[in-house]
Amino acid sequence: MGTPERIRAVAERVKRTHDEGASTAVVVSAMSGETNRLFELASQVSSAPLTREMDVLVSTGEQVTTALLSMALHDLGVPALSLQGHQVRIATDSAHGRARIRAIDKSRIEEAFDAGKVVVIAGFQGIDDQQNITTLGRGGSDTTAVAIAAALGADCEIYTDVDGVYTTDPRICSDARKLARVSHEEMLEMASLGAKVLQTRSVECALRFSVPVHVRSSFDDKGELSGTWVVPEEASMEEVLVSGIPADKNQAKITMQGVPDIPGLAGRIFGSLADDGVVVDMIVQNVSVDGDRTDLTFTVGKTDLDKAKKIVEDIREEIGANNVVASDSVGKVSVVGLGMRSHAGVAADMFKVLAAEGINIQMISTSEIKISVIVELDQVDRAVNVLHKKFFADREGTDSGTNA
Ligand code: ASP
Ligand code: MG
């Protein structure tokens, strides 16, 4: 929703769906750049803006677009009704800036449907049980859209500035290609591993309520075949081993060396980090050979590095660990695919390919459908390219063949 022209184009698109006879709810985000502008504005009047007031401020971007889209629809002869988060009653917890949706009251939406209206709902915002306005975190309109679809038992189409979900970041690997379909589980791994197409929480919500999500570009309209369908596993019809190779360059690594090998210390360290809101990703602890001391390494987001280091330094002193080393020149490269559940050997293939390139693996972690490694930051691009070649070379140009 970059410009007034774009808003009119969105209205045309909504009108087509409405004309087909479907009850239509549209969730809007703010005009592009607007949410950033509001954050910036706050920083000019306060060094530490109150989180409650931040939400009052940044939720206004979506109020503007609900009204504009609704007006544009009226001009096209489509009766529309704008609704803010509190008017629908999108009930959230009270975690300002990253609130979670608890429940959605669909009665007002259904009333509007019964009256033949299109409902235009403000994304990103909700209301807590004290009637405070809350927001869902950056990119939160995706989550609003999926949650509304779940509440209404509808499919969800997300129009965004990319034309779908890719096997890897096209800026890193020119062979990256669009996936026609991907399962919720895989998308969740890809979303949280740095593929910034959908807000991670929206995918969690889609998985939980089995909402099919069609991600597509707001700039083209090639119909059902465009974009990527993010669907329940049964519908993803996967014959493929690997669906994607997400990379994350915003990682940092902290190692505490010589941690006394006694019960409770990991709980202590990660408890303190969690209390201060530091999200820890990979954790690796060595087996202590002499049964005495061990090394503990973990990763955090780059922006949390200083905070995490300080916390860990303080604990090191208390517990008498040897020392703490940190590095922010690391990145994470992963291989994701449902097929890994039933096929052995993907990890070995991945490690061999990296070894052949002389890329050293610093940490490894795995889940049922994912293998992630930490490597030197300046080797991330090369790692992605060789892995993409390994796992996708034989599938060039088979976008709808192998994956759909
Ligand atoms: N306007 C909010 C943001 O910029 C929510 C969204 O666009 O999804 O993060
Ligand atoms: Mg968005």
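Counting convention: from 1, in listed order, for ligands and their atoms alike.
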Verify whether one side chain among [X] and [Y] offers a donor that lies under 3.5 Å from an acceptor in the other.
| X | Y | result |
| --- | --- | --- |
| Ser183 | Glu186 | yes |
| Glu62 | Gln84 | no |
| Lys302 | Gln251 | no |
| His388 | Asp175 | no |

> Could a heavy atom of Gly140 be found less than 4.0 Å from some atom of ligand 1?
Replying inline: yes

> Does Glu34 reach ligand 1, in the sense of a heavy atom lying below 4.0 Å from it?
Replying inline: no

> Pairs in or reaching into residues 199-209: which pass side-chain hydrogen bond (donor to acceptor under 3.5 Å, both in side chains), with residues at least two apart or in two chains?
Replying inline: Thr143-Gln199

> N/O of Thr35 under 3.5 Å from N/O of ligand 1, yes or no?
Replying inline: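 The answer is yes, given that Thr35 and ligand 1 share an N or O pair closer than 3.5 Å.
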
> Quick check: does Gly139 get an N/O under 3.5 Å from an N/O on ligand 1?
Replying inline: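 N/O-N/O distance below 3.5 Å exists for this pair.
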
> Numbering the atoms of ligand 1 from 1, which are under 4.0 Å from a heavy atom of Ser29?
Replying inline: 6 (C), 7 (O)

> Quick one: which ligand 1 atoms are inside 4.0 Å of a heavy atom on Arg138?
Replying inline: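 Here the atoms of ligand 1 in question are 3 (C), 4 (O), 9 (O).
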
> If hydrogens are left out, which of Ser141, Gly33, Ser59 has an atom nearest to atom 8 (O) of ligand 1, that is, the closest non-hydrogen atom?
Replying inline: Ser141

> Which pairs with one or both residues in residues 261-286 pass ring pair (Phe, Tyr, Trp, His ring centres under 6.0 Å), sequence neighbours excluded?
Replying inline: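 Sorted pair list: Phe270-Phe298.
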
